[in-house]
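Working notes for the structure below.
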Amino acid sequence: DTEVTQTPKHLVMGMTNKKSLKCEQHMGHRAMYWYKQKAKKPPELMFVYSYEKLSINESVPSRFSPECPNSSLLNLHLHALQPEDSALYLCASSQEGRGGANTGELFFGEGSRLTVL
Amino acid sequence: GNSVTQMEGPVTLSEEAFLTINCTYTATGYPSLFWYVQYPGEGLQLLLKATKADDKGSNKGFEATYRKETTSFHLEKGSVQVSDSAVYFCALYTGGFKTIFGAGTRLFVKA
């Protein structure tokens, strides 16, 4: 069983809809990530939060808006998406090591499969 | 820049065959190396890792050794099962929250 929980597992939305993806972890990890994965490709980093502050935004279009309400929760708000945004969206977390260093080991959820019509 | 190169797939094997998936890397500094596995319809799971040269990571019968001299981290398993059918990603991490993934190698195991 994965310790990173993502909802919903599947989402179909129109280009004018507003929806959100949610992610939760209770491992005490202080870094949380959003990745996008297209079919037959590796995951691509979108955003990283560290200690609830946005640390990395990989030049993601503003129609994707991340939010980290607390250390256990991560949301991705979606608005005015395009069909090419259809993909598997993966949430991940990682543990801070001694001295605050990140160990690099990622714990992934099962993903939210998004279809934009 | 940092990069990971994996052998192209798909790899098709019969059950109980020996598996090798090649992975080489380019990195500045001293990366940690990982193999992640993605089963159909799921997210990625860590399969094994190694954090310094000559470390051997192992899990579920899979092994990989961190070879600094050849900048390689090849994945091996002595006897594959149908349940090992998945996509395998080699990855490296040097810090700054950014993991570099290889392109992935799809493995099919036939009964």
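- Atoms CG and CG, from L45(A) and L90(A) in turn, are 11.5 Å apart once rounded to the nearest 0.5 Å.
- If you take CG on L54(A) and SG on C68(A), they are separated by 9.5 Å, rounding to the nearest 0.5 Å.
- Using a 4.5 Å heavy-atom threshold, the side chains of F64(A) and L78(A) count as touching.
- Using a 4.5 Å heavy-atom threshold, the side chains of V4(A) and M27(A) count as touching.
- For the pair L44(B) and F89(B), the minimum side-chain heavy-atom distance is below 4.5 Å.
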Here's a test: name every donor-acceptor pair under 3.5 Å between chain A and chain B, with the distance for each.
{"unit_1": "Q37(A)", "atom_1": "OE1", "unit_2": "Q38(B)", "atom_2": "NE2", "d": "2.8"}
{"unit_1": "Q37(A)", "atom_1": "NE2", "unit_2": "Q38(B)", "atom_2": "OE1", "d": "2.9"}
{"unit_1": "E58(A)", "atom_1": "OE1", "unit_2": "K98(B)", "atom_2": "NZ", "d": "3.1"}
{"unit_1": "E105(A)", "atom_1": "OE1", "unit_2": "K49(B)", "atom_2": "NZ", "d": "2.7"}
{"unit_1": "L106(A)", "atom_1": "N", "unit_2": "Y36(B)", "atom_2": "OH", "d": "2.9"}

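- Shown here are the side chain to side chain contact (heavy atoms under 4.5 Å, CB included) partners of Q82(A), two or more places apart in sequence or in another chain: M15(A), R63(A), E84(A), D85(A).
- For a residue to count as touching a neighbouring chain, one of its non-hydrogen atoms must lie under 4.5 Å from one of that chain's; by this rule F97(B) touches chain A with backbone and side chain alike.
- Both the backbone and the side chain of L106(A) have a heavy atom closer than 4.5 Å to some heavy atom of chain B.
- F101(B) and M7(B) fall into different hydrophobic clusters, defined by Ile, Leu, Val, Met, Phe, Trp and Tyr side-chain heavy atoms under 4.5 Å apart, directly or through other members.
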